[in-house]
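To start, the structure under review is shown below, and the notes come after it.
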Protein chains: 2
Amino acid sequence: MSAVGEPRSFNDLESVLIAAADEFLLRGYDAARIGHIAAAAGLSKSSLYHHVEGKEQLLALGSDRALAGLERGFAEARRLPDPAESVRRLIELVIEDMTDRARLPFVALLIGVRGNSELERRALDERRRYDRELAALLERGQAGGAIRVDVPADVLARLCFGTLNSLHSWVRPDHPDVVSIRSAATAYVLAGITATR
Amino acid sequence: MSAVGEPRSFNDLESVLIAAADEFLLRGYDAARIGHIAAAAGLSKSSLYHHVEGKEQLLALGSDRALAGLERGFAEARRLPDPAESVRRLIELVIEDMTDRARLPFVALLIGVRGNSELERRALDERRRYDRELAALLERGQAGGAIRVDVPADVLARLCFGTLNSLHSWVRPDHPDVVSIRSAATAYVLAGITATR
DNA sequence: GTCTATAAATGGATAGAC
DNA sequence: GTCTATCCATTTATAGAC
């Protein structure tokens with residue numbers, strides 16, 4: 001146990017990644033400062049560079065985590081045979097990811113990616129694969145009569161992800177009502193995509 | 001009429017503002033380069049600085065335009081006595097703004113504002129006033145029975161704007177089907193906020 | 001009003017001591 | 001593994017000629 005005022009010792013890569021994602025979330029990739037990330041992780045800039053290659057690698061590691069979360073959601077959704085149930089569960093899981101304190105910085109980081117560098121384009125391409133998978137899922141739901149057919153499935157998928165991806169900018173994961181906000185968001189999105197009888 | 005290859009002459013402030021908003025839209029404020037903006041407007045950096053004070057002013061002028069568009073939409077919506085009709089019209093107008101080639105860069109610019117500088121915080125505060133006005137409108141709609149009551153009006157307003165604000169990232173204003181995409185987005189949002197009978 | 005040249009500052013990345 | 005000091009590329013912004 002160290003006394004107050006002593007320099008903090010280095011914890012692990014995890015704390016660096018969280019610090020980086022938090023900084024990216026707060027300022028965006030370009031405005032993020034390596035010095036801020038280092039300070040938040042309790043390191044000097046030089047020490048940070050001893051552990052990671054640079055700013056781009058921090059972005060890559062962070063977006064990989066966000067993509068892994070998406071993949072987990074889709075993996076569970078794929079296991080459900082009914083497309084309507086599958087979509088519902090997927091939306092729930094994505095919203096959970098988006099409003100979880102530990103996951104939010106990574107998710108927001110991925111959403112903020114603009115695709116200007118080669119690295120960013122790769123991350124964006126990965127994300128688009130999930131756009132297409134959701135569209136395919138919605139299309140099956142349309143065929144089954146559960147999903148509205150007056151909007152093309154690919155447009156519906158974009159609208160759906162558009163709503164979900166906007167959550168990070170205003171939902172506070174530590175908000176006392178985060179559970180009811182999650183179910184509100186789920187209800188809103190489902191109403192938007194469900195077929196009217 | 002000047003010959004091909006001649007250096008372009010300065011047009012007016014308008015072309016500078018559009019070039020700036022395009023650059024901000026493409027790269028985000030921090031990654032935007034003054035040199036790119038100057039080149040796109042057919043000027044050298046120095047000449048650009050002869051006309052505007054700097055990067056921050058370009059952001060301020062652009063976000064002012066976006067806010068003016070929002071104000072126009074709300075002004076028209078306010079004139080409609082029925083809250084449900086008012087919300088519907090507002091959504092249509094915001095979507096139109098968001099998918100108009102000439103307006104999109106300014107709108108996207110405002111949406112991208114993160115609130116890190118004093119200037120950005122002011123723009124963000126202006127935007128929040130419209131969040132609240134939409135919430136008030138939705139609340140009146142809830143009282144009248146047209147808007148769903150299982151989600152609080154302020155949450156509904158955030159979800160609604162969240163969907164609308166995501167359009168800029170994937171709707172191409174020059175897309176041949178932009179008209180049908182507009183009505184699809186309107187239908188989706190309205191389904192999300194409308195009371196089920 | 002437009003340019004070239006340059007100042008001034010920022011910030012990512014590295015050297016090298018401990 | 002961590003630090004201080006520094007390098008150096010980039011980029012905003014300005015000076016001053018035409």
Side-chain angles (χ1 to χ4, degrees), chain A residues 2-63 109 112-114 116-120, chain B residues 2-3 5-63 109 113-114 116-120:
Chain A
S2 57
V4 176
E6 273 193 15
R8 287 200 196 142
S9 63
F10 178 61
N11 300 313
D12 52 7
L13 183 62
E14 191 60 25
S15 61
V16 171
L17 289 186
I18 292 171
D22 277 339
E23 172 76 357
F24 291 146
L25 170 59
L26 181 65
R27 309 200 181 237
Y29 178 74
D30 294 287
R33 298 295 164 235
I34 291 284
H36 295 170
I37 296 170
L43 291 171
S44 71
K45 275 199 300 176
S46 300
S47 299
L48 177 63
Y49 274 103
H50 188 78
H51 295 283
V52 297
E53 284 170 21
K55 201 175 173 180
E56 283 224 311
Q57 192 187 45
L58 288 171
L59 176 67
L61 292 171
S63 73
L109 165 59
V113 160
R114 282 178 170 273
N116 289 323
S117 70
E118 186 52 39
L119 173 72
E120 288 179 300
Chain B
S2 57
E6 274 193 14
R8 288 200 196 143
S9 64
F10 179 62
N11 300 315
D12 51 8
L13 185 62
E14 192 60 26
S15 63
V16 171
L17 289 185
I18 292 171
D22 277 339
E23 172 78 357
F24 291 147
L25 171 59
L26 181 66
R27 313 203 177 232
Y29 178 75
D30 293 286
R33 298 296 163 236
I34 291 284
H36 295 170
I37 296 170
L43 290 172
S44 72
K45 279 196 298 176
S46 300
S47 300
L48 177 62
Y49 275 103
H50 186 78
H51 296 283
V52 297
E53 285 171 23
K55 204 174 172 181
E56 282 225 311
Q57 193 188 42
L58 288 171
L59 177 66
L61 292 171
S63 72
L109 165 60
V113 159
R114 283 178 169 274
N116 290 323
S117 70
E118 185 53 38
L119 173 71
E120 289 178 300

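Remember, it's a predicted structure, so these values are computed and weren't measured experimentally. A, B, ... follow the sequence lines: proteins, then strands. Residue 1 opens every chain. The analysis underlying the following values was restricted to heavy atoms, covering all of them including side chains, and did not include hydrogens, waters or symmetry mates.
Going from atom CG of A/Leu48 over to atom P of D/dG1 covers 14 Å, rounded to whole Å. The interatomic distance linking A/Asp30 (CG) with D/dT12 (C1') rounds to 15 Å, in whole Å. Whole-Å rounding puts the A/Tyr49 OH to C/dA13 C1' distance at 5 Å. Whole-Å rounding puts the B/Asn116 CG to C/dT10 C1' distance at 17 Å. With rounding to whole Å, A/Leu43 atom CG is found 16 Å from C/dA13 atom P. Regarding B/Glu23, its CD atom lies at a distance of 9 Å from the P atom of D/dT12, rounded to whole Å. One can place CD1 of B/Ile37 at 12 Å from C1' of D/dT11, the figure rounded to the nearest angstrom. The OH atom of B/Tyr29 sits 9 Å away from the P atom of D/dT12 (whole-angstrom rounding).
Distance from the side chain of B/Ile34 is smallest for D/dT12 among the nucleotides C/dA13, D/dT12, C/dT4. Distance from the side chain of B/Lys45 is smallest for D/dT12 among the nucleotides D/dT12, D/dT4, C/dT2. Of the candidate nucleotides D/dT11, D/dT4, C/dG11, C/dG11 has the atom lying nearest to any side-chain atom of A/Arg33. For B/Ser47, counting side-chain heavy atoms from C-beta on, the closest listed nucleotide (D/dT12, D/dC3, C/dT2) is C/dT2.
Atom OH in A/Tyr49 sits 13.0 Å away from atom CG in A/Leu43 (nearest 0.5 Å). The OG atom of B/Ser117 sits 6.5 Å away from the OH atom of B/Tyr29 when rounded to the nearest 0.5 Å.
Within the nucleic acid shown, A/Ala32 comes within 4.0 Å of sugar-phosphate atoms alone, with no base atom in reach, counting heavy atoms only. Using a 4.0 Å heavy-atom cutoff across all strands shown, B/Lys55 reaches sugar-phosphate atoms only and no base atom.
Checked by distance alone, A/Ser46 brings a side-chain donor or acceptor within 3.5 Å of a matching partner on the base of C/dA15.
Listed for the B/Glu23 side chain is no donor-acceptor partner under 3.5 Å among the backbone atoms of B/Ile34.
Crowding of B/Glu14 atom CD: a count of heavy atoms from other residues, nucleotides or ligands under 6.0 Å exceeding 12.
Not one side-chain nitrogen or oxygen of A/His50 sits closer than 4.0 Å to the OP1 or OP2 atom of C/dA13.
Two residues are said to be in side-chain contact when any heavy atoms from C-beta on lie closer than 4.5 Å; B/Arg27 and A/Arg114 fail this criterion.
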